[in-house]
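First comes the structure, then the notes that go with it.
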Amino acid sequence: MSKREDIAKNIVDVLTDMTPPKPVLVTREPLDVLKLAITQFPAVVVQMGNEIREDDAMGGIRRGTVDVSVRGFVRADGREGSITTVDQKRNEMIERIEETLNTDRTRELTGAAAITKVTSIEVIERTPPLGEFNMIEQVSYTFTKGAL
């Protein structure tokens, strides 16, 4: 399996198992947020993005830096005693996802010298009660040229 696939699977697994507040739905497949049931919020879509690769040293070692899109969808419910605004729900989900991903910044890539960091967060405007954001998680790792 490729290191890219290992990274994607690790991020999905970590987000699926994170402590509350946590996403109800974590997927790698694009989705139509307007077709989600209220019980499927918050939802997260993880997709691998562009990657820059370069030679790291002699001996076939290469370095890859891949952008992973973590797109989140929240829904405000307006209940008393809970987080009521879209902005509050979105901010809390962003913070929890970043904290969770920072727990193990190596993405469990044994011997791959991986490091993870959030490089950007974009708030995407939607009509309330829906909220959306796109967090770019950058993962740098090493691999051996030609190895499977």
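Hydrogens, waters and symmetry mates are skipped; everything else that's a heavy atom, side chains included, is used.
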Checklist entry - Under the side chain to side chain contact (heavy atoms under 4.5 Å, CB included) criterion, do Val14 and Arg107 qualify, and how do the steps go? => result CA-CA 9 Å; Val14 166; Arg107 304 278 55 93; 4.0 Å; yes
Item to check | Residue pairs fulfilling side-chain hydrogen bond (donor to acceptor under 3.5 Å, both in side chains) with at least one residue in residues 21-31, sequence neighbours excluded | outcome: Glu5-Arg28
Item to check | Of all pairs that satisfy side-chain hydrogen bond (donor to acceptor under 3.5 Å, both in side chains), the ones with a partner from residues 11-21, not counting sequence neighbours | outcome: Thr19-Arg96
Distance from [X] atom [atom1] to [Y] atom [atom2], nearest 0.5 Å?
{"X": "Lys9", "Y": "Asp6", "atom1": "NZ", "atom2": "CG", "answer": "7.5 Å"}
{"X": "Lys3", "Y": "Arg62", "atom1": "NZ", "atom2": "CZ", "answer": "14.5 Å"}
{"X": "Tyr141", "Y": "Ile115", "atom1": "OH", "atom2": "CD1", "answer": "15.0 Å"}
{"X": "Met135", "Y": "Leu101", "atom1": "CE", "atom2": "CG", "answer": "7.0 Å"}
{"X": "Glu54", "Y": "Thr65", "atom1": "CD", "atom2": "OG1", "answer": "6.5 Å"}
{"X": "Asn10", "Y": "Leu15", "atom1": "CG", "atom2": "CG", "answer": "9.0 Å"}

Next on the checklist: Tell me every residue that passes salt bridge (Lys or Arg N to Asp or Glu O under 4.0 Å) with Asp87, counting only those two or more places apart in sequence or in another chain.
Outcome noted: Arg90
Next on the checklist: So, using salt bridge (Lys or Arg N to Asp or Glu O under 4.0 Å) as the criterion, who are the partners of Arg105 when residues are at least two apart?
Outcome noted: none
Measure the shortest side-chain to side-chain distance between [X] and [Y] over non-hydrogen atoms and say whether it is less than 4.5 angstrom.
{"X": "Arg63", "Y": "Ser140", "result": "yes"}
{"X": "Pro30", "Y": "Gln47", "result": "yes"}
{"X": "Ile121", "Y": "Asn134", "result": "no"}

Checklist entry - Do any N or O atoms from the side chain of Gln40 and from the backbone of Ala37 form a donor-acceptor pair under 3.5 angstrom? => result yes
Checklist outcome for this item: By side chain to side chain donor-acceptor pair (under 3.5 Å), Asn102 pairs with (sequence neighbours left out) none
Next on the checklist: As a quick check of understanding, evaluate side chain to side chain contact (heavy atoms under 4.5 Å, CB included) for Thr116 and Gln138, giving each step before the final call.
Outcome noted: CA-CA 6 Å; Thr116 304; Gln138 194 174 71; over 6 Å; no
Checklist entry - What's the verdict on side chain to side chain contact (heavy atoms under 4.5 Å, CB included) for Arg4 and Glu51, showing C-alpha distance, side-chain angles and the deciding distance? => result CA-CA 9 Å; Arg4 282 177 62 96; Glu51 181 172 358; 2.8 Å; yes
Item to check | Same apolar cluster: Val24 and Val46, side chain cutoff 4.5 Å | outcome: no
Which other residues end up in the same hydrophobic cluster as [X], if Ile, Leu, Val, Met, Phe, Trp and Tyr are linked when side-chain heavy atoms come under 4.5 Å apart?
{"X": "Val123", "value": "none"}
{"X": "Ile136", "value": "none"}
{"X": "Leu25", "value": "Leu31, Val33, Leu34, Leu36, Phe41, Val45, Phe73, Leu130"}

Checklist entry - Which residue pairs pass the salt bridge (charged side-chain N to carboxylate O under 4.0 Å, His left out) test with at least one member in residues 32-46, sequence neighbours excluded? => result none
Item to check | Pairs involving residues 115-135, ordered by first then second residue, that meet salt bridge (charged side-chain N to carboxylate O under 4.0 Å, His left out) (sequence neighbours left out) | outcome: Arg71-Glu132, Arg126-Glu132
Item to check | Minimum-distance pair of heavy atoms, taken over all atoms of Ala76 and Thr85 | outcome: CB-C, 4.0 Å
Item to check | Any residue meeting side-chain contact (heavy atoms from CB on, under 4.5 Å) with Pro23, in chain and number order, not counting sequence neighbours | outcome: Met18, Val26, Val44, Met93
